[in-house]
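To keep things clear, I will list the structure first and then write my remarks on it.
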Amino acid sequence: MRDYRWLHEYCLNRFGSAKALEARLPQPRTDAELRQLPDDRYLSLIALRVFRAGLKHSLVDAKWPAFEEVFFGFDPEKVVLMGAEHLERLMQDARLIRHLGKLKSVPRNAQFVLDVAREKGSFGALIADWPVTDIVGLWKYLAKHGHQLGGLSAPRFLRMVGKDTFIPTDDMVAALKAQDVIDKAPTSQKELALVQAAFNQWHAESGRPLCQLSVMLAHTVNH
């Protein structure tokens, strides 16, 4: 595995200047900003990620104001009380994406948000306090305790809220394979640990957040 200097030089050459490179890179929220984000916004973004999975994002996003309305602004204290009959009625609402399994996940994830808030003070405290040097551990926690947050949904949700994370997209996996970090898409704990260790090394060498390193790596793949 080559060090960060190779990655930086490659991206500089590809985009032509440091300014052009920086313009393409995401900026994570600070821990303070993550803490300040209300629990209802976390629940809304969890739900948005669940509904986006397998669908065109613009289609889901266009319908989201209606979701905000029928789910009471994603107030977890209200959403958690929504029973089966309420959700069945939502299946008749043409403004929504009428997928019963995904609709059922919303009150279940509301309970998850409330459980975390009772333990940590807020859902944002969990997200803010989790060390990025073990971000794959947070993916595992979200997938285990949340609903429909397996696969890439947990890292994509974290990127949506602004928590620093890498995302093992096809391009990023191809780049990691080229660097001999892994030989296939990481699914086992051992493979994820190898990816985390590589990112931790590049993070230590560069001082860059994981999300920027992730995007830079994906750009090393030629199409």
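- K102 is listed as a side-chain neighbour of Q148, based on a closest heavy-atom distance under 4.5 Å.
- When all heavy atoms of M172 and V195 are compared, the closest pair comes out as CE-CG1, 4.5 Å.
- Checked by atom type, the side-chain pair T133/Q196 shows no donor-acceptor distance below 3.5 Å.
- Here L142 contributes atom CG and L126 contributes atom CG; the two are 7.0 Å apart, rounded to the nearest 0.5 Å.
- Ring geometry for W64 against F74 counts as parallel: the plane angle stays under 30°, on a 0 to 90° scale with 60° as the upper cut.
- Under a cut-off of 6.0 angstrom, the local environment of NZ in K184 is crowded, with over 12 non-hydrogen atoms contributed by other residues, nucleotides or ligands.
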H8/L21 under side chain to side chain contact (heavy atoms under 4.5 Å, CB included): CA gap, chis, key distance, verdict: CA-CA 9 Å; H8 186 241; L21 169 60; 4.2 Å; yes

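- Residue pairs meeting the ring-ring contact (aromatic ring centres under 6.0 Å, His included) criterion with at least one partner in residues 150-177, sequence neighbours excluded, are W139-F166, F166-F199.
- Atom NZ of K177 and atom CD1 of I182 lie 8.0 Å apart (nearest 0.5 Å).
- Here L114 is tied into one hydrophobic group with V80, L81, each link being a pair of ILVMFWY side chains closer than 4.5 Å.
- Remark: side-chain polar atoms of D39 are paired, donor with acceptor, to backbone N or O of F123 under 3.5 angstrom.
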Using the ring-ring contact (aromatic ring centres under 6.0 Å, His included) rule, take H203 and Y4 through it: C-alpha gap first, then chi angles, then the decisive distance, then the call. CA-CA 8 Å; H203 175 65; Y4 169 74; over 10 Å; no

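- At distances below 3.5 Å, not a single donor-acceptor pair connects side-chain atoms of D171 with backbone N or O atoms of V221.
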Could you please spell out the steps behind the side chain to side chain contact (heavy atoms under 4.5 Å, CB included) verdict for L176 and L217? CA-CA 8 Å; L176 291 171; L217 269 172; 4.0 Å; yes

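- Annotation: side chain of L34 is not in contact with side chain of W130 (no heavy-atom distance under 4.5 Å).
- The line from CE of M216 to CZ of R208 is 5.0 Å long, rounded to the nearest 0.5 Å.
- Put simply, the side chain of K120 does not reach to within 4.5 Å of the side chain of D129, judged on heavy atoms.
- Atoms CG and CG, on L158 and L138 in that order, are 5.0 Å from each other to the nearest 0.5 Å.
- From E68, atom CD reaches atom CG of L48 across 9.0 Å, with rounding to the nearest 0.5 Å.
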